[in-house]
A.B. asks: 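I am attaching a structure below and will ask some questions about it afterwards.
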Amino acid sequence: MKDGANRKRSRPPAPHSHPWQRRLLRWFRGHARDLPWRRTRDPYAIWVSEVMLQQTQVATAIPYFHRFLTRFPTVRALAAASLDEVLALWSGLGYYARARNLHAAAQVMATHHAGELPRDLEALRALPGFGPYTAGAVGSIALGLDVPLVDGNVARVLCRIEGWESGAEESRARAWERAGALVVVDEAGDWNQALMELGQAVCTAKAPACGRCPVRPECLAAERGDPATYPLARPRAERRHLRFVALAFFDGPRVLLVRRERKGLFAGLWELPAAEIGPEGQASRVALRVARSFAGMDATVEPAAIVRQTLTHREVTVEPFVVQGRRARPPPQGRFVAPQELASLGLSSLATKTLRAVGICAAGKR
DNA sequence: AACGCGGGGCA
DNA sequence: TGCCCAGCGTT
């Protein structure tokens, strides 16, 4: 059952909600998807889901949500875990700062909030990883506070209803003000989810299904006949290209992995030793130089299949090489890892693909 | 205010 | 392929 959506209400409608808001709430309670985090009222579980859903689609998050809650069922369980284990469960989900902040916030809750989520907006906002959206979402959905939220969906929906002739950035700012005025007292959680669900299922970015929209009579953009043009598009930043060589040093079945630095791209995750090469760099030459610095001057390298990955702001190419030579000396931040250990390490999808290119399959990883 | 940060799904 | 998505932290 969809707990938040279908919960029976004994209260009459809040005094300040408009008829179209009641209509949208009714639509939501009839159309809400049956999602794992809607089957619970555990604030901790709802918090985890909100973090996973940042810039991440529902279908992608679901299996991660189940695994995470099984391994870390409570704030205290998460707080007591090692960061490495948290990152391992996050492996493949992306935006790894989310996992570090989730872990850090759980430790603050364990120490200063009796192992529970603080029940007011200011205290939530003070926690790592709680920005305006997440504080609003956890506050309204998990804790029942009468607070608004704005995400990409809500900004788009309100921009269209109001007919704002503004771009995404400005629409988002205006949406916060409007959303604050629209909060449905005592039902903010369902109301906020209704706005988001409408944006996800009906009022989509490219092809809004106005024929199925419960708010169409109130929508200025629909009335003007061109809702898809709201909010105004802005030019995209160009994607920069990154090239790396990656080296696979073997010691029997084990392979040398190094941990990336704590900041920047793929921070704190494990990968094959790699070196960036410029657009004109000769991969085999750089690979040979790096290989010999680790494994002696008689080392040779054999190229493997090139791996490509597109990120929002980056086009990454990795040219992997298998090294033949005497056993490499692991650098301080590196060690030889057996294949069966890979599942317990934080690996990016790119690192997993690169490992596969040199013949190593990380069980349970894409 | 702008930028860096993953990855998957879909037209 | 280009674009979008239940954003946050740093500079």
Side-chain angles (χ1 to χ4, degrees), chain A residues 4 28 32-33 35-38 46-65 87 90-102 104-105 124-142 148-157 167-170 172-173 175-176 179 189 192-201 203-208 228 231 233-240 242 260-269 271 308-316 346-353 365-366:
Chain A
F28 172 66
R33 289 167 291 173
L35 304 174
W37 41 89
R38 287 183 177 158
I46 295 172
W47 167 41
V48 170
S49 78
E50 288 300 336
V51 174
M52 288 188 170
L53 288 167
Q54 292 168 9
Q55 299 291 294
T56 302
Q57 305 211 333
V58 165
T60 306
I62 287 177
Y64 285 89
F65 177 80
L87 285 172
W90 208 268
S91 196
L93 199 52
Y95 283 130
Y96 297 92
R98 295 184 295 176
R100 290 196 299 279
N101 288 331
L102 198 65
L124 287 174
R125 280 290 274 123
L127 294 165
F130 278 82
Y133 166 78
T134 306
V138 170
S140 63
I141 301 169
L149 63 75
V150 172
D151 70 337
N153 286 313
V154 174
R156 187 176 60 251
V157 166
E169 202 93 341
E170 190 188 334
R172 197 171 280 243
W176 273 102
N192 288 334
Q193 291 188 82
L195 278 175
M196 291 193 286
E197 192 86 1
L198 186 70
Q200 190 278 330
C203 195
T204 57
K206 289 192 167 174
R234 59 154 188 204
R236 276 274 160 193
E238 208 163 301
R239 225 189 316 263
R240 272 186 289 169
L242 286 177
R260 291 183 63 89
E261 295 183 30
R262 293 183 52 85
K263 297 181 70 174
L265 191 65
F266 303 123
L269 303 186
E271 66 179 12
R308 291 192 170 80
Q309 171 105 19
T310 303
L311 310 176
T312 303
H313 303 292
R314 294 275 188 278
E315 178 75 41
V316 187
L347 298 170
S348 67
S349 289
L350 179 59
T352 304
K353 280 198 270 184
K365 309 256 183 180
R366 272 182 302 281

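Letters A, B, ... are given to chains in the order of the sequence lines, protein chains preceding strands, and every chain is numbered from 1.
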A.B. asks: Taking atom P of dC3(B) as reference, at what distance in whole Å does atom NZ of K263(A) sit?
C.D. replies: 18 Å
A.B. asks: Where do S91(A) and Y64(A) come nearest, in terms of heavy atoms and distance?
C.D. replies: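 Nearest heavy atoms, S91(A) then Y64(A): O-OH, 3.0 Å.
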A.B. asks: Counting side-chain heavy atoms from CB outward, which of dC5(C), dG8(B), dG9(C) is closest to Q309(A)?
C.D. replies: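 Taking heavy atoms from C-beta onward, the closest nucleotide is dG8(B).
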A.B. asks: Can you list the residues that meet the side chain to side chain donor-acceptor pair (under 3.5 Å) rule with S140(A), with sequence neighbours excluded?
C.D. replies: N192(A)
A.B. asks: Given dG7(B), dC8(C), dA6(C), which nucleotide is nearest the side-chain atoms of Y96(A)?
C.D. replies: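 Nucleotide nearest to Y96(A)'s side chain: dG7(B).
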A.B. asks: Just how far, in rounded Å, is C1' of dG7(C) from CZ of R98(A)?
C.D. replies: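 Those two atoms, CZ and C1', are 9 Å apart.
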A.B. asks: Please measure how far the P atom in dT11(C) lies from the corresponding atom in dG6(B), and state the result in whole Å.
C.D. replies: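 Straight-line distance between the two P atoms is 16 Å.
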A.B. asks: Roughly, in whole Å, what's the span from OH in Y95(A) to C1' in dC4(C)?
C.D. replies: 11 Å
A.B. asks: Which heavy-atom pair separates A175(A) from A155(A) by the least distance, and what is that distance?
C.D. replies: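 Shortest heavy-atom separation between A175(A) and A155(A) comes out as CB-CA, 3.9 Å.
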A.B. asks: What I want to check is whether an N or O donor and acceptor connect the side chain of S348(A) with the base of dG7(B) at under 3.5 Å.
C.D. replies: no
A.B. asks: Between dA6(C) and dA11(B), how far apart are the P atoms? Round to whole Å, please.
C.D. replies: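 My reading of the P atoms in dA11(B) and dA6(C) gives 15 Å.
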A.B. asks: Please enumerate all residues that pass side chain to side chain donor-acceptor pair (under 3.5 Å) together with R260(A), with sequence neighbours excluded.
C.D. replies: E271(A)
A.B. asks: Between W90(A) and Y95(A), is the ring centroid distance below 6.0 Å?
C.D. replies: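 Not under 6.0 Å, so no.
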A.B. asks: What closest approach, in Å, do A168(A) and P231(A) show between heavy atoms, and which atom pair accounts for it?
C.D. replies: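 Of all heavy-atom pairs spanning A168(A) and P231(A), the closest is N-CB, 4.0 Å.
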A.B. asks: Send over the distance from E170(A) CD to dA2(B) P, rounded to a whole Å.
C.D. replies: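 Rounded to whole Å, this separation is 12 Å.
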A.B. asks: My understanding is that only residues two or more places apart in sequence, or in another chain, count here; which of them pass ring-ring contact (aromatic ring centres under 6.0 Å, His included) with F65(A)?
C.D. replies: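 For F65(A) the ring-ring contact (aromatic ring centres under 6.0 Å, His included) partners, ignoring immediate neighbours, are W37(A).
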A.B. asks: Output the single nucleotide from dG8(B), dG6(B), dA6(C) whose closest atom is nearest the side chain of R38(A).
C.D. replies: dA6(C)
A.B. asks: Using the side-chain heavy atoms of E50(A), tell me which of these nucleotides is nearest: dG7(C), dG6(B), dA6(C).
C.D. replies: dA6(C)
A.B. asks: Find the distance D151(A):CG to dC5(C):C1' and express it as a whole number of Å.
C.D. replies: 9 Å
A.B. asks: Taking N or O atoms only and anything under 3.5 Å, show me the protein contacts with nucleotides 9-11 of chain B, one pair per line.
C.D. replies:
none

A.B. asks: Under 4.0 angstrom, heavy atoms only, what part of the nucleic acid is N192(A) near: base, sugar-phosphate, or nothing?
C.D. replies: nothing
A.B. asks: When we call it a touch if two heavy atoms are under 4.0 Å apart, what does T204(A) touch: a base, just sugar-phosphate, or nothing?
C.D. replies: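 Answer is nothing: T204(A) stays at 4.0 Å or more from every strand.
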A.B. asks: Taking the nucleotide of DNA chain C with the nearest heavy atom to each, does S49(A) or N101(A) sit closer to the 5' end?
C.D. replies: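 Between the two, 5'-proximity favours S49(A).
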A.B. asks: Considering only NZ, NE, NH1 and NH2 on the basic side and carboxylate oxygens on the acidic side, decide whether E50(A) and R98(A) come within less than 4.0 Å.
C.D. replies: no
A.B. asks: Rounded to whole angstrom units, what separation is found between the CG atom of L265(A) and the P atom of dC3(B)?
C.D. replies: 17 Å
A.B. asks: Kindly state which residues belonging to residues 124-133 of chain A come within less than 4.0 angstrom of DNA chain C, counting heavy atoms of the residue only, listed by number.
C.D. replies: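 Within this stretch, P128(A), G129(A), F130(A), G131(A), P132(A), Y133(A) sit under 4.0 Å of the strand.
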A.B. asks: State whether a side-chain donor-acceptor pair under 3.5 Å links Q309(A) with S349(A).
C.D. replies: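 S349(A) and Q309(A) do not have a side-chain donor-acceptor pair below 3.5 Å.
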A.B. asks: Rounded to the nearest angstrom, tell me the gap between atom CD in E271(A) and atom P in dG6(B).
C.D. replies: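 Taking CD of E271(A) and P of dG6(B), I get 12 Å after rounding.
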A.B. asks: Using the side-chain heavy atoms of L311(A), tell me which of these nucleotides is nearest: dG7(B), dC5(C), dC8(C).
C.D. replies: dG7(B)
A.B. asks: Would you name the heavy atoms of A105(A) and F130(A) that are closest together and state the gap between them?
C.D. replies: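 Here A105(A) and F130(A) meet closest at CB-CE1, 4.5 Å.
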A.B. asks: Hey, does A205(A) reach any base, or is it just sugar-phosphate, or nothing, if we go heavy atoms under 4.0 Å?
C.D. replies: sugar-phosphate
A.B. asks: For the pair made of CD in E261(A) and C1' in dC5(B), what is the distance, rounded to whole Å?
C.D. replies: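 After rounding, the gap between these two atoms is 15 Å.
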A.B. asks: Is W90(A) touching bases, backbone alone, or none of the nucleic acid, heavy atoms closer than 4.0 Å?
C.D. replies: nothing
A.B. asks: Contact class for G264(A) (heavy atom, under 4.0 Å): base, sugar-phosphate, or nothing?
C.D. replies: sugar-phosphate
A.B. asks: Residues in side chain to side chain donor-acceptor pair (under 3.5 Å) with E170(A), at least two apart?
C.D. replies: none
